[in-house]
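Below is one structure, written out as C-alpha coordinates, with a few remarks after it.
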2 protein chains.
Amino acid sequence: MVSTPRNTRQRRAVAAILEDLDGFASAQEIHDLLRHRGESVGLSTVYRNLQALSDSAEIDALRNDDGETLYRQCSTGHHHHLVCRACGRTVEVAGPTVERWADSIAAEHGFVDVAHTLEIFGTCGNCAS
Amino acid sequence: MVSTPRNTRQRRAVAAILEDLDGFASAQEIHDLLRHRGESVGLSTVYRNLQALSDSAEIDALRNDDGETLYRQCSTGHHHHLVCRACGRTVEVAGPTVERWADSIAAEHGFVDVAHTLEIFGTCGNCAS
DNA sequence: CCCGCGGATGGGAACCATTGTCAAATTGAC
DNA sequence: GTCAATTTGACAATGGTTCCCATCCGCGGG
Ligand SMILES: [Zn+2]
Ligand SMILES: [Zn+2]
Ligand SMILES: [Zn+2]
Ligand SMILES: [Zn+2]
(Lines give C-alpha, C1' and ligand atoms only; values in the text may rest on other atoms or scores of the structure.)
(Ligands and ions follow the chains in the order given, each with its own letter.)
Protein backbone atom coordinates (compact mmCIF):
# COMPACT_ATOMS: atom_id res chain seq x y z
CA MET A 1 0.00 0.00 0.00
CA VAL A 2 1.83 3.08 -1.25
CA SER A 3 0.67 6.37 0.19
CA THR A 4 0.55 9.54 -1.84
CA PRO A 5 3.11 12.14 -0.74
CA ARG A 6 1.63 14.97 1.29
CA ASN A 7 1.20 18.36 -0.21
CA THR A 8 3.38 20.38 2.12
CA ARG A 9 4.61 23.95 1.77
CA GLN A 10 8.18 22.67 1.54
CA ARG A 11 7.41 20.19 -1.22
CA ARG A 12 5.63 22.87 -3.20
CA ALA A 13 8.51 25.29 -2.72
CA VAL A 14 11.08 22.81 -4.00
CA ALA A 15 8.92 21.93 -6.96
CA ALA A 16 8.43 25.62 -7.75
CA ILE A 17 12.17 26.27 -7.78
CA LEU A 18 12.76 23.38 -10.14
CA GLU A 19 10.02 24.75 -12.34
CA ASP A 20 11.84 28.08 -12.60
CA LEU A 21 15.40 26.84 -13.05
CA ASP A 22 16.49 25.92 -16.52
CA GLY A 23 19.84 24.31 -15.69
CA PHE A 24 21.02 21.62 -13.30
CA ALA A 25 21.51 22.71 -9.69
CA SER A 26 22.76 21.05 -6.52
CA ALA A 27 20.67 20.46 -3.41
CA GLN A 28 22.62 23.14 -1.59
CA GLU A 29 22.14 25.67 -4.37
CA ILE A 30 18.42 24.99 -4.32
CA HIS A 31 18.43 25.36 -0.55
CA ASP A 32 20.07 28.79 -0.91
CA LEU A 33 17.66 29.88 -3.62
CA LEU A 34 14.75 28.96 -1.36
CA ARG A 35 16.16 31.04 1.49
CA HIS A 36 16.63 34.07 -0.74
CA ARG A 37 13.10 33.64 -1.93
CA GLY A 38 11.89 33.78 1.65
CA GLU A 39 10.51 30.24 1.44
CA SER A 40 12.96 28.73 3.88
CA VAL A 41 13.17 24.95 3.92
CA GLY A 42 15.42 22.72 5.98
CA LEU A 43 18.41 21.30 4.16
CA SER A 44 17.46 17.72 5.03
CA THR A 45 14.03 18.34 3.60
CA VAL A 46 15.47 19.69 0.38
CA TYR A 47 17.60 16.56 0.04
CA ARG A 48 14.66 14.29 0.81
CA ASN A 49 12.32 15.95 -1.64
CA LEU A 50 14.87 16.02 -4.42
CA GLN A 51 15.61 12.37 -3.90
CA ALA A 52 11.93 11.49 -3.85
CA LEU A 53 11.31 13.43 -7.06
CA SER A 54 14.30 11.75 -8.63
CA ASP A 55 13.16 8.30 -7.53
CA SER A 56 9.76 8.82 -9.07
CA ALA A 57 11.47 9.99 -12.26
CA GLU A 58 9.88 13.43 -12.07
CA ILE A 59 13.31 15.05 -12.24
CA ASP A 60 16.69 14.03 -13.60
CA ALA A 61 19.85 13.68 -11.51
CA LEU A 62 23.48 13.51 -12.49
CA ARG A 63 26.86 13.78 -10.79
CA ASN A 64 29.35 16.47 -11.72
CA ASP A 65 33.14 16.17 -11.58
CA ASP A 66 33.18 17.29 -7.96
CA GLY A 67 30.95 14.43 -6.93
CA GLU A 68 27.93 16.61 -6.24
CA THR A 69 24.52 15.46 -7.37
CA LEU A 70 22.70 17.95 -9.59
CA TYR A 71 18.98 17.99 -10.30
CA ARG A 72 16.82 19.36 -13.08
CA GLN A 73 13.26 19.18 -14.26
CA CYS A 74 13.48 17.80 -17.79
CA SER A 75 11.11 16.62 -20.41
CA THR A 76 9.83 13.09 -19.98
CA GLY A 77 11.40 10.16 -21.74
CA HIS A 78 14.94 8.88 -21.91
CA HIS A 79 17.50 11.47 -22.97
CA HIS A 80 20.97 12.72 -22.17
CA HIS A 81 22.48 16.12 -21.45
CA LEU A 82 24.90 18.67 -22.79
CA VAL A 83 25.76 20.67 -19.67
CA CYS A 84 27.80 23.85 -19.19
CA ARG A 85 30.30 23.33 -16.40
CA ALA A 86 30.26 27.02 -15.52
CA CYS A 87 26.59 28.01 -15.43
CA GLY A 88 24.71 24.71 -15.59
CA ARG A 89 22.86 25.65 -18.78
CA THR A 90 21.60 22.41 -20.27
CA VAL A 91 20.52 21.09 -23.62
CA GLU A 92 18.63 17.82 -23.68
CA VAL A 93 19.80 15.50 -26.40
CA ALA A 94 18.47 12.26 -27.77
CA GLY A 95 20.71 9.56 -29.19
CA PRO A 96 18.72 6.60 -30.38
CA THR A 97 21.77 5.16 -32.09
CA VAL A 98 23.74 5.25 -28.86
CA GLU A 99 20.93 3.53 -26.98
CA ARG A 100 20.86 0.63 -29.37
CA TRP A 101 24.64 0.45 -29.48
CA ALA A 102 24.93 0.27 -25.69
CA ASP A 103 22.28 -2.41 -25.38
CA SER A 104 23.78 -4.56 -28.10
CA ILE A 105 27.29 -4.32 -26.63
CA ALA A 106 25.96 -5.41 -23.25
CA ALA A 107 23.94 -8.29 -24.69
CA GLU A 108 26.90 -9.42 -26.76
CA HIS A 109 28.91 -9.91 -23.58
CA GLY A 110 26.16 -11.60 -21.61
CA PHE A 111 25.38 -8.71 -19.28
CA VAL A 112 21.86 -8.28 -17.94
CA ASP A 113 20.04 -5.58 -15.99
CA VAL A 114 21.87 -3.00 -18.06
CA ALA A 115 21.90 0.77 -17.68
CA HIS A 116 24.14 3.44 -19.11
CA THR A 117 25.28 6.92 -18.25
CA LEU A 118 26.13 9.43 -20.94
CA GLU A 119 26.67 13.11 -20.37
CA ILE A 120 28.48 15.73 -22.38
CA PHE A 121 30.20 18.51 -20.45
CA GLY A 122 31.60 21.71 -21.91
CA THR A 123 31.61 25.48 -21.69
CA CYS A 124 28.67 27.20 -23.33
CA GLY A 125 29.02 30.16 -25.71
CA ASN A 126 28.08 32.69 -23.05
CA CYS A 127 30.53 31.48 -20.45
CA ALA A 128 33.34 31.11 -22.98
CA SER A 129 33.40 34.85 -23.73
CA MET B 1 60.64 21.54 -14.48
CA VAL B 2 58.73 18.37 -13.71
CA SER B 3 60.61 15.79 -11.69
CA THR B 4 60.31 12.08 -12.33
CA PRO B 5 58.37 10.24 -9.64
CA ARG B 6 60.49 8.20 -7.30
CA ASN B 7 60.56 4.45 -7.49
CA THR B 8 59.31 3.58 -4.03
CA ARG B 9 58.21 0.23 -2.66
CA GLN B 10 54.70 1.59 -2.21
CA ARG B 11 54.40 2.87 -5.75
CA ARG B 12 55.60 -0.46 -7.09
CA ALA B 13 53.14 -2.35 -4.89
CA VAL B 14 50.18 -0.30 -6.10
CA ALA B 15 51.26 -0.68 -9.71
CA ALA B 16 51.65 -4.44 -9.23
CA ILE B 17 48.13 -4.79 -7.85
CA LEU B 18 46.68 -2.89 -10.78
CA GLU B 19 48.64 -5.15 -13.08
CA ASP B 20 47.01 -8.22 -11.55
CA LEU B 21 43.44 -6.97 -11.28
CA ASP B 22 41.28 -7.26 -14.33
CA GLY B 23 38.31 -5.22 -13.14
CA PHE B 24 37.79 -1.79 -11.62
CA ALA B 25 38.52 -1.47 -7.90
CA SER B 26 38.25 1.29 -5.33
CA ALA B 27 41.19 2.79 -3.44
CA GLN B 28 40.05 1.07 -0.28
CA GLU B 29 39.72 -2.31 -1.96
CA ILE B 30 43.23 -1.94 -3.32
CA HIS B 31 44.44 -0.94 0.11
CA ASP B 32 42.94 -4.14 1.55
CA LEU B 33 44.41 -6.29 -1.19
CA LEU B 34 47.84 -4.85 -0.43
CA ARG B 35 47.49 -5.68 3.24
CA HIS B 36 46.48 -9.26 2.52
CA ARG B 37 49.43 -9.53 0.23
CA GLY B 38 51.72 -8.47 3.04
CA GLU B 39 52.80 -5.35 1.14
CA SER B 40 51.18 -2.92 3.52
CA VAL B 41 50.84 0.65 2.27
CA GLY B 42 49.25 3.62 4.01
CA LEU B 43 45.76 4.50 2.82
CA SER B 44 46.74 8.07 2.00
CA THR B 45 49.57 6.77 -0.09
CA VAL B 46 47.27 4.46 -2.01
CA TYR B 47 45.00 7.40 -2.77
CA ARG B 48 47.91 9.59 -3.80
CA ASN B 49 49.44 7.02 -6.10
CA LEU B 50 46.15 6.15 -7.74
CA GLN B 51 45.44 9.79 -8.35
CA ALA B 52 48.90 10.35 -9.78
CA LEU B 53 48.55 7.38 -12.09
CA SER B 54 45.15 8.59 -13.14
CA ASP B 55 46.42 12.14 -13.77
CA SER B 56 49.17 10.84 -15.99
CA ALA B 57 46.61 8.73 -17.85
CA GLU B 58 48.33 5.48 -16.94
CA ILE B 59 45.10 4.16 -15.44
CA ASP B 60 41.41 4.88 -15.95
CA ALA B 61 39.08 6.17 -13.27
CA LEU B 62 35.30 6.22 -13.08
CA ARG B 63 32.63 6.79 -10.45
CA ASN B 64 30.13 4.12 -9.55
CA ASP B 65 26.57 4.68 -8.39
CA ASP B 66 27.70 4.98 -4.79
CA GLY B 67 30.00 7.86 -5.64
CA GLU B 68 33.19 5.88 -5.12
CA THR B 69 36.02 6.31 -7.57
CA LEU B 70 37.18 3.07 -9.16
CA TYR B 71 40.48 2.52 -10.93
CA ARG B 72 41.71 0.10 -13.54
CA GLN B 73 44.72 -0.38 -15.75
CA CYS B 74 43.34 -0.34 -19.27
CA SER B 75 44.69 -0.31 -22.76
CA THR B 76 45.82 3.07 -24.03
CA GLY B 77 43.63 5.26 -26.17
CA HIS B 78 40.14 6.61 -25.69
CA HIS B 79 37.52 3.97 -24.87
CA HIS B 80 34.56 3.30 -22.62
CA HIS B 81 33.55 0.48 -20.29
CA LEU B 82 31.00 -2.22 -19.75
CA VAL B 83 31.29 -2.88 -16.03
CA CYS B 84 29.71 -5.51 -13.79
CA ARG B 85 28.20 -3.84 -10.75
CA ALA B 86 28.74 -6.94 -8.62
CA CYS B 87 32.30 -8.05 -9.36
CA GLY B 88 33.84 -5.18 -11.31
CA ARG B 89 34.59 -7.34 -14.34
CA THR B 90 35.13 -4.98 -17.24
CA VAL B 91 35.02 -5.04 -21.00
CA GLU B 92 36.60 -2.14 -22.85
CA VAL B 93 34.49 -0.90 -25.70
CA ALA B 94 35.12 1.54 -28.51
CA GLY B 95 32.37 3.61 -30.05
CA PRO B 96 33.70 5.82 -32.82
CA THR B 97 30.18 6.73 -33.85
CA VAL B 98 29.36 7.94 -30.37
CA GLU B 99 32.50 10.06 -30.25
CA ARG B 100 31.61 11.87 -33.44
CA TRP B 101 27.99 12.22 -32.38
CA ALA B 102 28.92 13.80 -29.02
CA ASP B 103 31.35 16.25 -30.59
CA SER B 104 28.92 17.34 -33.27
CA ILE B 105 26.10 17.86 -30.78
CA ALA B 106 28.35 20.04 -28.66
CA ALA B 107 29.62 22.06 -31.60
CA GLU B 108 26.10 22.52 -32.89
CA HIS B 109 25.17 24.26 -29.63
CA GLY B 110 28.29 26.40 -29.42
CA PHE B 111 29.93 24.52 -26.56
CA VAL B 112 33.73 24.41 -26.35
CA ASP B 113 36.25 22.51 -24.23
CA VAL B 114 34.03 19.47 -24.49
CA ALA B 115 34.37 16.10 -22.78
CA HIS B 116 31.97 13.23 -22.33
CA THR B 117 31.37 10.38 -19.95
CA LEU B 118 29.85 7.13 -21.13
CA GLU B 119 29.75 3.95 -19.12
CA ILE B 120 27.57 0.89 -19.33
CA PHE B 121 26.72 -0.88 -16.08
CA GLY B 122 25.14 -4.28 -15.73
CA THR B 123 25.41 -7.70 -14.15
CA CYS B 124 27.75 -10.09 -15.88
CA GLY B 125 26.87 -13.67 -16.76
CA ASN B 126 28.76 -15.12 -13.79
CA CYS B 127 27.20 -12.87 -11.21
CA ALA B 128 23.71 -13.28 -12.66
CA SER B 129 23.64 -17.00 -11.94
C1' DC C 1 -15.12 22.09 12.95
C1' DC C 2 -12.40 19.12 15.84
C1' DC C 3 -9.48 14.80 16.53
C1' DG C 4 -6.00 11.79 15.86
C1' DC C 5 -2.92 9.01 12.96
C1' DG C 6 1.09 8.75 10.57
C1' DG C 7 3.85 10.96 7.20
C1' DA C 8 6.88 15.17 6.94
C1' DT C 9 10.00 18.39 8.83
C1' DG C 10 14.43 20.29 10.58
C1' DG C 11 18.52 20.88 13.23
C1' DG C 12 22.23 18.56 14.56
C1' DA C 13 24.88 14.35 14.82
C1' DA C 14 26.74 10.72 12.16
C1' DC C 15 28.69 8.79 7.87
C1' DC C 16 32.27 7.99 4.83
C1' DA C 17 35.17 8.64 0.85
C1' DT C 18 38.59 11.60 0.10
C1' DT C 19 42.05 15.28 1.06
C1' DG C 20 45.13 17.95 4.08
C1' DT C 21 48.93 18.12 7.62
C1' DC C 22 53.49 17.55 8.94
C1' DA C 23 57.18 15.06 11.18
C1' DA C 24 59.85 11.19 10.02
C1' DA C 25 61.62 7.99 6.52
C1' DT C 26 63.38 7.12 1.93
C1' DT C 27 65.27 8.02 -2.50
C1' DG C 28 68.63 9.29 -5.80
C1' DA C 29 72.12 12.49 -7.40
C1' DC C 30 76.74 13.85 -6.44
C1' DG D 1 78.24 8.36 2.46
C1' DT D 2 75.96 12.95 2.41
C1' DC D 3 72.14 15.82 1.78
C1' DA D 4 68.26 18.06 -0.30
C1' DA D 5 63.95 16.94 -2.03
C1' DT D 6 60.34 13.81 -2.43
C1' DT D 7 57.37 10.45 -0.33
C1' DT D 8 55.19 8.25 3.30
C1' DG D 9 51.67 7.41 6.96
C1' DA D 10 48.97 8.20 11.07
C1' DC D 11 45.65 11.26 12.13
C1' DA D 12 42.75 15.32 11.66
C1' DA D 13 39.79 17.78 8.81
C1' DT D 14 36.49 18.37 4.93
C1' DG D 15 32.18 18.29 2.70
C1' DG D 16 28.25 16.30 0.57
C1' DT D 17 24.83 13.46 2.06
C1' DT D 18 22.15 10.60 5.24
C1' DC D 19 20.41 9.41 9.80
C1' DC D 20 17.92 10.41 14.09
C1' DC D 21 14.07 11.73 16.56
C1' DA D 22 11.20 15.09 18.87
C1' DT D 23 8.00 18.05 16.94
C1' DC D 24 4.79 19.57 13.41
C1' DC D 25 1.01 19.36 10.39
C1' DG D 26 -1.78 17.47 6.25
C1' DC D 27 -5.77 15.13 5.84
C1' DG D 28 -9.46 11.80 6.35
C1' DG D 29 -13.13 10.52 9.65
C1' DG D 30 -16.51 11.71 12.89
ZN1 LIG E 1 17.22 15.49 -18.38
ZN1 LIG F 1 20.55 6.74 -23.26
ZN1 LIG G 1 39.46 1.89 -19.49
ZN1 LIG H 1 34.26 8.58 -25.84
Side-chain angles (χ1 to χ4, degrees), chain A residues 1-18 24-56 58-72 83 85 88 119, chain B residues 1-18 24-56 58-72 83 85 88 119:
Chain A
M1 177 68 187
V2 198
S3 57
T4 310
R6 285 189 186 169
N7 178 26
T8 63
R9 171 183 69 80
Q10 293 86 340
R11 172 174 291 265
R12 268 179 271 123
V14 170
I17 283 276
L18 288 166
F24 276 88
S26 70
Q28 315 227 25
E29 282 169 350
I30 290 171
H31 179 248
D32 284 347
L33 289 171
L34 285 167
R35 304 200 104 217
H36 291 142
R37 208 178 251 211
E39 280 276 4
S40 191
V41 177
L43 183 55
S44 305
T45 302
V46 173
Y47 273 105
R48 267 190 309 247
N49 279 316
L50 288 172
Q51 200 139 58
L53 288 167
S54 174
D55 287 347
S56 62
E58 295 176 66
I59 63 177
D60 277 4
L62 64 81
R63 280 226 171 88
N64 69 8
D65 289 338
D66 300 336
E68 295 173 314
T69 304
L70 308 183
Y71 299 91
R72 178 174 189 259
V83 186
R85 282 190 205 87
E119 311 293 348
Chain B
M1 176 66 188
V2 199
S3 58
T4 310
R6 285 187 184 170
N7 177 25
T8 64
R9 172 182 70 78
Q10 293 86 340
R11 171 174 294 267
R12 268 178 273 123
V14 170
I17 284 275
L18 288 165
F24 276 88
S26 70
Q28 316 227 25
E29 282 170 350
I30 290 170
H31 179 248
D32 284 347
L33 290 170
L34 286 166
R35 305 200 103 214
H36 291 144
R37 208 179 252 210
E39 281 276 4
S40 190
V41 177
L43 183 57
S44 305
T45 302
V46 173
Y47 272 105
R48 268 189 305 248
N49 280 317
L50 287 173
Q51 199 140 56
L53 288 167
S54 174
D55 287 348
S56 62
E58 296 175 66
I59 62 177
D60 277 5
L62 63 80
R63 281 223 171 88
N64 69 9
D65 288 338
D66 300 336
E68 295 174 314
T69 303
L70 308 182
Y71 299 91
R72 178 175 189 258
V83 186
R85 282 190 204 88
E119 311 294 349

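Letters A, B, ... are given to chains in the order of the sequence lines, protein chains preceding strands, and every chain is numbered from 1.
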(request) Establish, with yes or no, whether the OP1 or OP2 oxygen of C:dG10 is under 4.0 angstrom from a side-chain nitrogen or oxygen of A:Arg9. (result) yes

(message) What is the separation between atom CZ on A:Arg11 and atom P on C:dG7, rounded to the nearest whole Å?
(response) 14 Å

(request) Take atom CD of B:Gln28 and atom P of C:dC15, then tell me their distance rounded to the nearest Å. (result) 15 Å

(message) Please check this pair: side chain of A:Asp66 against backbone of A:Glu68, looking for a donor-acceptor N/O pair closer than 3.5 Å.
(response) no

(request) Step by step, work out the side-chain contact (heavy atoms from CB on, under 4.5 Å) result for B:Ile17 and B:Arg37. (result) CA-CA 9 Å; B:Ile17 284 275; B:Arg37 208 179 252 210; 3.7 Å; yes

(message) Given the structure, check if the side chain of B:Arg6 and the base of D:dT7 hold any donor-acceptor pair shorter than 3.5 Å.
(response) no

(request) Using a heavy-atom cut-off of under 4.0 Å over every strand shown, decide if B:Asn7 touches base, sugar-phosphate, or nothing. (result) sugar-phosphate

(message) Whole angstroms only, please: what is the CD-C1' distance between A:Glu39 and C:dT9?
(response) 14 Å

(request) Report yes if a side-chain nitrogen or oxygen of A:Thr45 is closer than 4.0 Å to either non-bridging phosphate oxygen (OP1 or OP2) of C:dG10; otherwise report no. (result) yes

(message) Is A:Gln51 close enough to D:dT17 that one of its side-chain N or O atoms is under 4.0 Å from OP1 or OP2 there?
(response) no

(request) Output yes when at least one side-chain N/O atom of B:Asn49 is less than 4.0 Å from OP1 or OP2 of D:dT8, else no. (result) yes

(message) Nearest heavy atom decides the nucleotide; on that basis, is B:Ser26 or B:Pro5 closer to the 5' end of DNA chain C?
(response) B:Ser26

(message) Please determine whether a side-chain nitrogen of the Lys or Arg among B:Arg9 and B:Glu39 lies less than 4.0 Å from a carboxylate oxygen of the Asp or Glu.
(response) yes

(request) Please state whether the phosphate of D:dT17, meaning OP1 or OP2, lies under 4.0 angstrom from any side-chain nitrogen or oxygen of A:Tyr47. (result) yes

(message) Does A:Ser44 contact C:dG12 through a side-chain donor or acceptor facing the base, at a distance under 3.5 Å?
(response) yes

(message) Counting distance alone, no hydrogens or angles: does the base of C:dG7 have a donor or acceptor under 3.5 Å from a partner atom on the side chain of A:Arg48?
(response) no

(message) When you measure from the side-chain N and O atoms of B:Gln10 to the phosphate of D:dG9, is any distance below 4.0 Å, counting only OP1 and OP2?
(response) yes

(message) Considering every strand and a 4.0 Å limit on heavy-atom distances, what is the contact class for B:Asn64: base, sugar-phosphate, or nothing?
(response) nothing

(request) Please figure out whether B:Arg12 or B:Arg63 has its closest DNA chain C nucleotide nearer the 5' end. (result) B:Arg63

(message) Just verifying a value: how many Å separate B:Arg72 CZ and B:Asp60 CG, rounded to the nearest 0.5 Å?
(response) 8.0 Å

(request) May I have the distance from A:Leu50 (atom CG) to C:dT9 (atom C1'), rounded to whole angstrom? (result) 15 Å

(request) Write down the distance between CG (A:Leu43) and P (D:dG15), rounded to a whole number of angstrom. (result) 15 Å

(request) Write down the distance between CG (B:Asp66) and P (C:dA17), rounded to a whole number of angstrom. (result) 9 Å

(request) Kindly determine whether A:Ser26 and A:Gln28 satisfy side chain to side chain donor-acceptor pair (under 3.5 Å), including the steps that lead there. (result) CA-CA 5 Å; A:Ser26 70; A:Gln28 315 227 25; over 6 Å; no

(message) Any side-chain N or O of A:Thr8 below 4.0 angstrom from OP1/OP2 of C:dT9?
(response) yes

